[in-house]
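To start, the structure itself, in structure tokens.
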Amino acid sequence: MHRSESAVPLRPFVELTGVSHTYATGGTLAVDGLDIRVNEGEFAAVVGPSGCGKSTLMKLSTGLQFPQAGAVVVDGQEVRDPVKIAGMAFQAPTLLPWRTTLENLMLPLEIVEPHRSRLRRHKAEYVAKAEALLASVGLEGAGSKYPWQLSGGMQQRASLCRALIHEPKLLMLDEPFGALDAFTREELWCVIRDLHARMAGTLTVILVTHDLREAVFLADRIFCMSSRPGKIIAEREVAFPRPRDIEITYKPEFSDIVHDLRGRIAHARSTA
Amino acid sequence: MGALADFLLTSWPMALVIGVVAYIAYLLYKVIGASALDRTKLSLQLAPLFCTIGTFLVWELLCKAFAVSTFVLPAPSDIAIAIWQFRRQIGFHSFHTAWMTLAGFGLAVAFGIALGLLLGASRFFYAGFYPLLVGFNSIPKVAVVPILVIWFGVGWLPAVLTAFMISFFPIVVNVATGLATIEPETEDVLKALGASKLQIMTKVGIPRSLPYFFGSLKVAITLAYVGSVIAEYNASRYGIGNLMARASADFNVPLLFAALIALAILGVAMYMATVWLENRMTGWAQRSSFAAT
């Protein structure tokens, strides 16, 4: 049960040290004294009861919010602006209905440099890249369709593609599979697993979720948060070798980890 | 040019009748040629025609049965005769009403978009100007016409300005709403890519507010029409409103009704033109019907 030799280099990529944050001055803290360290290339999951400040954590590590206390360091630099190397996907696919799926994918390229200035002259190259990405998540030929002509699962796949098209170093996922049925969700677990594997070592993923099985199946490292104000109450590594098959979710070792995490969160809830 | 205008003024009612008859014939032809399943669908297209003609028939019969004087309520046949008799005047004044309405409407669109963008993009201006706008909008515009007459005299300008003032409000509100209600998550996705406020506006805000904008045009064109007719009634030498003011001074009731019919036809035409534009520009927002085609 040890990680293979192609293990990721252990350079911290996202580091939150003693981070506290509140949205309204004088209001209750959303997160309190967070300490999180995610290494480069790692797949981290943050689990916790709803309203525990998981989304705040996402906003802090992408520079959409700045902490009132403590430090957020991403890729060796303290975060002062939106980080620009991040891709994001949410529970709602947030695709733009007036753009086709392909045009939705191209959106980050119209904003992020160096793609923005290259886009017009190298259009064909980028379209080919976007179509290849769509194909890799099982959406061959869906590029010309509008998002509302796709099913919920397909929209979410397209949303993942949009988060990855500009080759971000950091992928933030905020309960991306929360609104999907159980079968589609498992399919998408495998999609995201394969996307992460293909960019071995260069893509750091932080997945916020309240689905413990999802976290254990996908992540190398899991952080458990307490209810509001959010604190890290446990951190554990998941050492299952990669690539992981969906079958491992039915093994007793897997259930043990899920059970353990569940116990810790339940404990945090009862003492809150 | 003069000959063409003359021809249009004298023969527009015939052109209208020929157009309507041709449309009915076309629909009937399609109904006869269609399969039984499509026939129910097509008969829905004919329904407005049947109901309209039916209403006018009932009106005609009631007037004849109770021998209502044309001075009180002219029968549709009397109105038709009046339309034919005064077709040159009605055509002339309708043309003026149409262009004055469209001019005011055009100003309202330009001004409404500009102010809507400003209010939608800045919370300060939204909070600051909104009460002022509501206050201005609640003034009955007929009360402003005398001021316009003092400023500009009797003519086309008061009508255009009244049409403008009465119709820009819904455009402002809708454009601002479309911009101000961007989903926070979409905004986060773009901000995390390093998008500027201007980029968020052009990539998401403006396309997103287009359905709101085109929706508001339907309301605005109707209001602009009301505005220009009100001003014509009080402060113009041209326009259907002015024609009606003079007809009522002459107690020419059939002409009054003929002018009302002309107003209705013109209003429907302008409304339908905006609906057509809306469907063309923002088909993606009308998903069910769009997906079906």
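Numbers restart at 1 for each chain; the letters A, B, ... are given by sequence-line order, proteins then strands. Values below: every heavy atom of this structure, side chains too, minus hydrogens, waters and symmetry copies.
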*Pair B:Glu185, A:Thr94: side-chain N/O donor-acceptor within cut-off below 3.5 Å*: no
_Among B:Pro207, B:Ser196, B:Ala195, residue most engaged with chain A (heavy-atom pairs, under 4.5 Å)_ = B:Pro207
_Proximal component of A:Glu110, with respect to chain B [non-hydrogen, under 4.5 Å]_ = both
_Please check if the number of heavy atoms outside B:Phe50 that lie under 6.0 Å from its CZ is greater than 12._
no
_Quick check on the interface: out of A:Thr62, A:Leu107, A:Leu64, A:Leu95, who has the most heavy-atom pairs with chain B under 4.5 Å?_
A:Leu64
*asked:* Using side-chain heavy atoms (C-beta onward) and a distance below 4.5 Å, is B:Met165 in contact with B:Ile139?
replied: no
*A:Lys145 atom NZ, neighbour heavy-atom count above 12 within 6.0 Å*: no
_At a 4.5 Å cut-off on heavy atoms, which part of A:Leu96 comes close to chain B: side chain, backbone, both, or neither?_
side chain
*Quick one: do A:Val72 and A:Phe66 satisfy side-chain contact (heavy atoms from CB on, under 4.5 Å)? Show the steps, please.*
CA-CA 8 Å; A:Val72 180; A:Phe66 307 106; over 6 Å; no
_Interface moiety of B:Glu183 toward chain A, non-hydrogen atoms closer than 4.5 Å_ = neither
*Best-contacting candidate, B:Val189, B:Leu193, B:Thr186, against chain A by heavy atom pairs under 4.5 angstrom*: B:Leu193
